[in-house]
2 protein chains.
Amino acid sequence: MTVKGREKGGAVPQGVVGRLPIYFRYLSELEHQGIERISSAQLGKALDFTAAQIRSDLSYFGSFGQQGYGYNVQDLLKQVRLILGLNKNYSMILIGAGNLGKAIACYSGFKMQGFEINAIFDIDPHLVGNFLEGTTIQHVDKLEDYLKENHVDVAILATPKNASQSMADLLGKSDVESIWNFSPAHLTVPDNVIVENIHLTDSLYGLVFRLNENREIRKQG
Amino acid sequence: MTVKGREKGGAVPQGVVGRLPIYFRYLSELEHQGIERISSAQLGKALDFTAAQIRSDLSYFGSFGQQGYGYNVQDLLKQVRLILGLNKNYSMILIGAGNLGKAIACYSGFKMQGFEINAIFDIDPHLVGNFLEGTTIQHVDKLEDYLKENHVDVAILATPKNASQSMADLLGKSDVESIWNFSPAHLTVPDNVIVENIHLTDSLYGLVFRLNENREIRKQG
DNA sequence: TAGATTGTTAATCGATTAACAATC
DNA sequence: TAGATTGTTAATCGATTAACAATC
């Protein structure tokens, strides 16, 4: 089934893509609380968006509300789930089983949503052979062969900075569709590979910039 | 010393704040490689931005380049470092010493940049008393008293979803200036507290959305 | 000097918001 | 029906880019 908005031609703007998971998360909470209906105004208030933005975002994909009523929480949740593609299963591999890699592998947040880590690789001989969340850590030398024999939707990259581009090159030559990059490097990849970055230090530096901005403002009145 | 752009009145746009750390990271690399000069065109090519955008971003804060030459890498790096506020030290605390909290505490990326975790709290009695990166894990009951006696620039929140808002409330009542939130919750805090979110699942869901978008496009030609 | 590249202005593009007819 | 709230259009706002005079 094709979702309405996709046919409109243009790709969905980044801003919208970034907000969809926020809607999904909050709607899940509401459903969990047994709340049946919600209006765009209420959603906006809870999530610090304008009501218009929420309606506009959703209208990329269809008409899910009802005048005078708002949205049915369960229905809308189902729709957003479908829009995000969370009705499917995704095969992931993890490259880099250090502290961060371990934390990601153990992170319970997405296990229930059809994401599974099917293989884990590391270069450290002390880690190779160990179990992590029920998966044996393999030497990274085995990665190339693994990629030939298995389809991977998402490769999680939690390697040190200096290793990440060469790993990305390897992944780029395979049929891996996307990289979830936790390493502090700007990856160069083929056009058809999607990269989503989690840059921890960038995030912290941005925070600190705004912190200092705040201090300036308070100082000046 | 006040940086030029700040006086212009308006706050620096989010987009610019988001790109500054990327410039910083890449310039650090260039300096490390011993490269002396770079033009906005070269920077743009390496980082997938337009040259105009880079010049425009930098011009918020001053004139760091030279016509016909470009930018001196060391100089520009120093300036960006100053703009971000990385010449100062920042006192951090970590709340939640689970897998993710541990990984953050051990993450080497920001240790060298003046960030220090001075206290760690958790609610799990099995963790309390343990050492993590040279710091004893305290029971979260001690947090309130700690906040009265110590100034905290950044509180790192790595708690489960259901605990994070109550922690944020506690932090909001103290003089904590900012929260680096790793929990999958939308925090409500006083106006003067800055929140920077790392929402792992949101990031993954956004990735998956684009992955499916990509598949649609390839299918249709 | 000639070539290169900045910082900035004006033009363009895109995203957000306000407003409202449609209608539950 | 009257009140509420949608989906969408038009207006606004802001961010990006192209172009260029200034100048190293």
Side-chain angles (χ1 to χ4, degrees), chain A residues 3-20 22-23 27 30 35-77 79-80 83 206 209, chain B residues 3-20 22-23 27 30 35-77 79-80 83 206 209:
Chain A
V3 181
K4 194 180 164 191
R6 309 278 175 85
E7 300 156 288
K8 282 183 187 169
V12 178
Q14 270 308 305
V16 180
V17 179
R19 284 185 296 270
L20 286 173
I22 302 177
Y23 302 155
L27 288 166
L30 291 178
I35 291 165
E36 256 184 26
R37 68 182 261 201
I38 190 140
S39 68
S40 60
Q42 291 171 302
L43 266 174
K45 193 170 182 201
L47 297 173
D48 292 327
F49 298 123
T50 63
Q53 179 157 75
I54 289 173
R55 293 202 302 277
S56 156
D57 285 355
L58 293 175
S59 76
Y60 269 91
F61 307 100
S63 303
F64 309 124
Q66 206 165 76
Q67 288 103 323
Y69 174 86
Y71 301 88
N72 177 283
V73 170
Q74 276 201 330
D75 277 3
L76 187 56
L77 178 59
Q79 292 292 344
V80 176
I83 292 164
F209 175 86
Chain B
V3 180
K4 193 180 165 192
R6 311 277 174 87
E7 301 157 289
K8 281 183 187 168
V12 178
Q14 270 309 304
V16 179
V17 178
R19 285 186 295 271
L20 286 172
I22 301 178
Y23 302 155
L27 288 165
L30 291 178
I35 290 164
E36 256 183 26
R37 70 181 259 206
I38 190 139
S39 68
S40 58
Q42 292 172 301
L43 266 174
K45 194 168 181 203
L47 297 173
D48 293 328
F49 299 122
T50 64
Q53 178 157 76
I54 289 173
R55 294 202 301 278
S56 155
D57 284 355
L58 293 175
S59 77
Y60 268 92
F61 307 100
S63 303
F64 309 123
Q66 206 166 78
Q67 286 103 325
Y69 174 85
Y71 302 88
N72 176 283
V73 171
Q74 275 201 331
D75 279 1
L76 187 57
L77 178 58
Q79 292 292 345
V80 176
I83 291 165
F209 175 87

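Just so we're clear, the structure is a prediction, and the values are computed from it rather than from any experiment. Here is how names work: the chains are called A, B, and so on, in the same order as the sequence lines, proteins then strands, and each is numbered from 1. Computed over heavy atoms, backbone and side chain alike; hydrogens, waters and symmetry mates excluded.
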From [atom1] of [X] over to [atom2] of [N], roughly how many Å is that when rounded to an integer?
X: Asp57(A); N: dT6(D); atom1: CG; atom2: P; value: 13 Å
X: Gln53(B); N: dA15(D); atom1: CD; atom2: P; value: 11 Å
X: Leu58(A); N: dG7(D); atom1: CG; atom2: P; value: 7 Å
X: Phe49(A); N: dT16(C); atom1: CZ; atom2: P; value: 10 Å
X: Ile54(B); N: dA15(D); atom1: CD1; atom2: P; value: 17 Å
X: Leu20(A); N: dA15(C); atom1: CG; atom2: P; value: 14 Å
X: Phe61(A); N: dG7(D); atom1: CZ; atom2: C1'; value: 15 Å
X: Tyr60(B); N: dT8(C); atom1: OH; atom2: C1'; value: 12 Å

Side chains of residues 43-51 of chain A: which donor-acceptor partners sit under 3.5 Å, not counting sequence neighbours?
unit_1   : atom_1 : unit_2    : atom_2 : d
Asp48(A) : OD2    : His186(B) : NE2    : 3.1
Thr50(A) : OG1    : Gln53(A)  : N      : 3.1

TODO: Return each pair, listed once, that meets salt bridge (Lys or Arg N to Asp or Glu O under 4.0 Å) where at least one residue sits in residues 63-75 of chain A; pairs must be two or more places apart or across chains.
DONE: none
Task: Sequence neighbours excluded - salt bridge (Lys or Arg N to Asp or Glu O under 4.0 Å) pairs with any residue from residues 50-70 of chain A - done: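 Residue pairs passing salt bridge (Lys or Arg N to Asp or Glu O under 4.0 Å), neighbours aside: Arg19(A)-Asp57(A).
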Give each protein N/O atom lying under 3.5 Å from an N/O atom of nucleotides 12-14 of chain C, with the pair distance.
none

Task: Atom pair CG (Leu20(A)) and OH (Tyr60(A)), whose distance is rounded to the nearest 0.5 Å - done: 10.5 Å
Going by the rule side-chain hydrogen bond (donor to acceptor under 3.5 Å, both in side chains), which residues pair with [X] if we only count those two or more places apart in sequence or in a different chain?
X: Glu36(B); result: none
X: Gln74(A); result: Glu31(A)
X: Ser39(B); result: Gln42(B)

Open item on the list: Using a heavy-atom cut-off of 4.0 Å across all strands, would you classify Gly65(A) as base, sugar-phosphate, or nothing?
Closed with: sugar-phosphate
Open item on the list: Strictly below 4.0 Å: does Thr50(A) bring a side-chain N or O up to OP1 or OP2 of dT17(C)?
Closed with: yes
Open item on the list: Stem list for DNA chain C, please, built from Watson-Crick and G-U wobble pairs under 3.5 Å and keeping only runs of at least 3.
Closed with: C:3-24 with D:3-24
List every contact pair, protein side and nucleotides 3-5 of chain C side both N or O, where the distance is under 3.5 Å.
unit_1 : atom_1 : unit_2   : atom_2 : d
dT5(C) : O4'    : Gly68(B) : N      : 3.0
dT5(C) : O2     : Gly68(B) : N      : 3.3

